[in-house]
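Have a look at the structure below, then the notes.
Quick note: numbers below take in every heavy atom, side chains included, and nothing from hydrogens, waters or symmetry partners. Source: prediction; values computed, not measured.
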2 protein chains.
Amino acid sequence: MDSKGAATRALILETAMRLFQERGYGKTTMRAIAEAAGVSVGNAYYYFASKEQLIQGFYDRLQADHLVAARLALVGETDLARRLGVVLKTWLDVAEPYHQFAAQFFVTAADPASPLSPFSSDSKEARDASIEIQVEAVYGASTKIDPKLRETLPELAWLGMMGLVLYWIHDTSAGRAKSYKLVDQCVPIAGKVVKLSRYPVAKAMIREVADICLEHGISPRIPKPPVRPDTSAK
Amino acid sequence: MDSKGAATRALILETAMRLFQERGYGKTTMRAIAEAAGVSVGNAYYYFASKEQLIQGFYDRLQADHLVAARLALVGETDLARRLGVVLKTWLDVAEPYHQFAAQFFVTAADPASPLSPFSSDSKEARDASIEIQVEAVYGASTKIDPKLRETLPELAWLGMMGLVLYWIHDTSAGRAKSYKLVDQCVPIAGKVVKLSRYPVAKAMIREVADICLEHGISPRIPKPPVRPDTSAK
DNA sequence: CCAACGACTTGAACGTGTTCAACATGGAGG
DNA sequence: CCTCCATGTTGAACACGTTCAAGTCGTTGG
């Protein structure tokens, strides 16, 4: 059994998350975390290579929570654009409690040199997982859609979500009301764009956009099975 | 005269910029800067509140250079989309020498708590200046365009430029070739979108987008004079 | 029971950004 | 010439993230 080490690791992570929420990331020192957890500073570094890495634990949990919440909320929703909106709104839901220090996190994650960067190869697994839910949202919809667009849409949606995250980070409105409203306003527009993709002129343009995304796409092509939402753990 | 202090300040800034380029931002210590400049550490902090603030000097210069370069390159170009492309490409030009440590800079600038954040009120002046060139690009074009779109376009273009910067930061291709290519590919699409804005269906949609941008717009409305490019200092 | 090994834990020490009380300088007013 | 004050300047000291040589502890093989 791996109980001893795993228990200490979990204890340190829990303590860190709690302090991060209480005081914010910047004002929480490694010494404070160690003291509050009843271990030594060096011990924390035995389990986490850096203060940043402590946050990877938070990130993983956030994403897992989002995946569950989004899958649940997607049930019964067949409209493509609304499905994408659901994915975004459930993210806002699960992320809300951590808004203050999540901002700090996503900032350090923006560093291309950081292993936490969503574009870094170190976090390929996490990124693929976060695109996975977009794939499910797209392929689980009944809305008719240009196949080429469908292929690129998950990545586009993921990029849009990154944009939303950026907006959300700077959103100081109560309960992040403005972020929710932004999603609500964008969803119908996304629906219209998808519908427009049937007209030849727009279709050509959208294909152009899709091509650019494929060429410059940040994520390597991931397999896109005609997914049936499935709540079993991976 | 303010020579003594100003001279020391300039000396420290120059030294810091040189070391940043030589060793990168992270590996350049305040002690090294002070030593290389022949002053004490405390003296550097007398002129710059933090290591980050040292970078504001670089940022101001970069932006001023971009403004000059873009205005020059805009002369004779009347097509709207191409004008926007010119603005983006001249930015890539002037930023290229600083790519390595500029990335570091833009990362810290992404922090909403940082005074360097493009969304922070502390840097309103810098942000307005960087939107200013977009205003000039839009209002100096001969291309016909929906007035409502025209009003929002500078901000949209600025947002697009932020996106390009994000892409550029992660761009490791030689000479940032991929970033240039991305601009080249996006310019014609932008042109088509603008043309589409004449058709009723697309027009309605574009107005919707414009409305959302106005409502959620990060920058307070800036006056938009029918600008004639003018190279006099502000 | 012992020895040895690996997993786990410790806290002092290092390099960093930053602060601060003290000092230097040089010009204005007496 | 002296005093005073603002401006500039200093370097030791602080708090932090991080490293590491040394230690503890439980388990395994003899």
| Which whole-number value in Å describes the distance from B:Glu52 CD to C:dG17 P? | 12 Å

| task | Starting from P on C:dT18, measure out to OH on B:Tyr47 and report it in whole angstrom. | result | 18 Å

| Given atom CZ of A:Arg9 and atom C1' of C:dA7, what is their separation to the nearest angstrom? | 15 Å

| task | Would you please name every residue forming a ring-ring contact (aromatic ring centres under 6.0 Å, His included) with B:Tyr98, sequence neighbours left out? | result | B:Phe58

| request: Measure from the side-chain N and O atoms of A:Thr15 to the backbone N and O of A:Ala36, and report whether any donor-acceptor pair falls under 3.5 Å. | output: no

| request: Quickly work out the A:Phe48 CZ to D:dG17 P distance and round it to whole Å. | output: 15 Å

| request: Indicate whether OP1 or OP2 belonging to D:dG8 is found under 4.0 Å from a side-chain N or O atom of B:Thr8. | output: no

| remark: Rounded to whole Å, the CD-P distance (B:Gln53 to C:dG17) equals 15 Å

| query | How about A:Gln134 and A:Glu155: does a side-chain donor come under 3.5 Å of a side-chain acceptor? | reply | no

| CG-CD1 distance between B:Leu88 and B:Ile133, expressed to the nearest 0.5 angstrom | 11.0 Å

| request: Please state how far atom OH in A:Tyr45 lies from atom C1' in C:dC8, giving the value in whole angstrom units. | output: 18 Å

| task | Sequence neighbours left out, what passes side chain to side chain contact (heavy atoms under 4.5 Å, CB included) with B:Ala137? Give chain and number order. | result | B:Leu74, B:Arg83, B:Leu84, B:Val87

| Residues from residues 15-22 of chain B lying under 4.0 Å of DNA chain C - heavy atoms | none

| task | Measure the CH2-OG1 distance between A:Trp158 and A:Thr152 for me, rounded to the nearest 0.5 Å. | result | 15.0 Å

| field | d(NZ, A:Lys51; P, D:dG17) in whole Å | value | 4 Å

| message | Once salt bridge (charged side-chain N to carboxylate O under 4.0 Å, His left out) is applied, what residue pairs with a partner in residues 161-178 of chain A remain, sequence neighbours excluded? | response | A:Glu96-A:Arg176

| Between the main-chain N or O of B:Leu166 and the side-chain N or O of B:His170, is there a donor-acceptor pair closer than 3.5 Å? | yes

| field | Between P of C:dC14 and CE of A:Met30, the distance in whole Å | value | 20 Å

| message | Considering only residues two or more places apart or on different chains, which pairs with a residue in residues 7-19 of chain B satisfy salt bridge (charged side-chain N to carboxylate O under 4.0 Å, His left out)? | response | B:Glu14-B:Arg61, B:Arg18-B:Glu22

Shorter than 3.5 Å, N or O on both sides, protein versus nucleotides 10-13 of chain D: list them out with atom names.
| unit_1 | atom_1 | unit_2 | atom_2 | d |
| --- | --- | --- | --- | --- |
| D:dT10 | OP2 | B:Ser40 | N | 2.8 |
| D:dT10 | OP2 | B:Ser40 | OG | 3.2 |

